[in-house]
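The model shown is predicted, which means the values in this text are computed figures rather than measured ones.
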Amino acid sequence: MSSAKPLRADARRNRDQLVATARAVFVELGTQAPLDEIARRARIGNATLYRHFPTRDDLIVAVYAEEVAELCAVDDGVDLFDWLERFVRHVAEKGDLARTLEPSVRRSELHDAWHESMVETAGRLVERAQRDGRLRPDVDPLDLLVLSAGMATAEPGRVKRMLQMLRHGVVAS
């Protein structure tokens with residue numbers, strides 16, 4: 001993924017401490033919390049924070065990336081629609097983090113990696129469902145992710161109904 005040199009042990013500890021502290025501060029104060037507050041609570045200097053995370057988005061993506069990795073760690077036995085329900089829950093719970101990332105030309109390597117990881121995971125599940133004849137051949141994994149992400153603002157009971165509508169279609173046969 002990255003061609004950067006591995007971090008020294010002390011730099012890795014600092015980075016890990018900043019990410020853990022940022023996660024806690026974001027839960028408490030939101031993703032717009034002052035970065036100085038994160039550095040202070042982590043007991044790490046501001047310059048070190050900015051060396052590891054030049055922008056707020058870089059820090060947000062680092063906090064988010066671990067959770068995306070967990071979401072995408074699925075085995076071949078997982079049903080596409082069960083995973084999409086987890087994806088919707090994830091987006092709903094972590095939506096503040098995802099919505100805070102400003103669209104821009106410059107995306108961090110981590111952002112690109114976790115986005116690609118979600119699309120690849122959905123792609124594997126879609127391909128398997130298509131091979132098994134349970135899904136139309138023209139279904140695009142990214143389309144499913146965009147549709148599912150749109151469900152994240154709905155109440156959980158409604159999400160289940162909407163996923164069933166997505167699974168079975170809405171046209172009477």
Side-chain angles (χ1 to χ4, degrees), residues 1-74 78 83-126 140-156 158-159 162-163:
M1 177 170 94
S2 173
S3 58
K5 293 186 327 187
L7 293 175
R8 295 183 332 257
D10 60 329
R12 168 58 64 194
R13 278 191 305 276
N14 286 344
R15 185 185 187 290
D16 292 347
Q17 180 63 30
L18 286 164
V19 170
T21 302
R23 183 176 291 115
V25 170
F26 290 163
V27 167
E28 180 184 342
L29 302 175
T31 55
Q32 294 304 313
L35 297 181
D36 291 347
E37 178 66 11
I38 293 167
R40 185 187 67 73
R41 289 188 190 190
R43 295 188 173 127
I44 293 173
N46 291 0
T48 300
L49 182 143
Y50 288 107
R51 192 167 36 259
H52 286 286
F53 307 103
T55 70
R56 177 181 301 277
D57 284 358
D58 292 328
L59 180 57
I60 291 169
V61 168
V63 168
Y64 199 42
E66 182 178 303
E67 296 172 18
V68 170
E70 290 172 15
L71 176 68
C72 293
V74 296
V78 172
W83 184 82
L84 285 173
E85 186 175 352
R86 284 181 50 212
F87 172 79
V88 171
R89 242 186 354 262
H90 175 80
V91 172
E93 291 169 359
K94 305 302 177 197
D96 186 36
L97 290 174
R99 284 187 294 274
T100 312
L101 298 171
E102 291 296 324
S104 66
V105 175
R106 184 197 125 353
R107 289 287 198 181
S108 76
E109 231 177 278
L110 274 173
H111 177 274
D112 290 344
W114 62 251
H115 184 266
E116 185 178 313
S117 180
M118 285 188 285
V119 173
E120 285 177 6
T121 300
R124 283 194 327 270
L125 296 172
V126 163
D140 179 82
L142 189 54
D143 289 346
L144 283 179
L145 289 176
V146 172
L147 280 167
S148 299
M151 297 176 197
T153 59
E155 59 196 43
R158 185 172 301 279
V159 169
M162 289 189 297
L163 283 169

Check your understanding: Quick one: CG on Leu59 to OG1 on Thr31, what's the gap to the nearest 0.5 Å?
Key ->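 The CG atom of Leu59 sits 10.0 Å away from the OG1 atom of Thr31.
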
Review point. Measuring from Leu145:CG to Met118:CE, what's the distance to the nearest 0.5 Å?
Key: 7.5 Å

Indicate yes or no: at least one non-hydrogen side-chain atom of [X] is less than 4.5 angstrom from one of [Y].
| X | Y | result |
| --- | --- | --- |
| Val91 | Val88 | no |
| Asp143 | Val146 | no |
| Leu18 | Arg15 | no |
| Glu120 | Cys72 | no |
| Thr121 | Leu125 | yes |

Please name all residues satisfying side-chain contact (heavy atoms from CB on, under 4.5 Å) with [X], sequence neighbours left out, ordered by chain then number.
| X | answer |
| --- | --- |
| Asp16 | Arg12 |
| Arg86 | Leu71, Val74, Trp83, Arg89 |
| Arg158 | Ala154, Glu155, Arg161, Met162 |

Exercise for review: Take Tyr64 and His90, measure what side-chain contact (heavy atoms from CB on, under 4.5 Å) needs, and give me the verdict at the end.
Suggested key: CA-CA 10 Å; Tyr64 199 42; His90 175 80; 3.4 Å; yes

What are the two closest non-hydrogen atoms of [X] and [Y], and how far apart are they?
| X | Y | result |
| --- | --- | --- |
| Ala152 | Ala92 | O-CB, 3.2 Å |
| Gly123 | Pro141 | CA-CG, 3.5 Å |
| Met151 | Val159 | O-CG2, 3.5 Å |

In residues 42-54, what donor-acceptor pairs under 3.5 Å come from side-chain atoms, sequence neighbours left out?
| unit_1 | atom_1 | unit_2 | atom_2 | d |
| --- | --- | --- | --- | --- |
| Asn46 | ND2 | Asp36 | OD1 | 2.8 |
| Thr48 | OG1 | Arg51 | NH2 | 3.1 |

Review point. Under the salt bridge (charged side-chain N to carboxylate O under 4.0 Å, His left out) rule, what pairs show up with a residue in residues 24-33, not counting sequence neighbours?
Key: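 Residue pairs passing salt bridge (charged side-chain N to carboxylate O under 4.0 Å, His left out), neighbours aside: Glu28-Arg41.
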
If you look only at distance, which donor and acceptor atoms sit under 3.5 Å apart when one is on a side chain in residues 20-27 and the other is two or more places apart or in another chain?
| unit_1 | atom_1 | unit_2 | atom_2 | d |
| --- | --- | --- | --- | --- |
| Thr21 | OG1 | Gln17 | O | 2.8 |
| Thr21 | OG1 | Gln17 | NE2 | 3.1 |
| Arg23 | NH2 | Val63 | O | 3.3 |

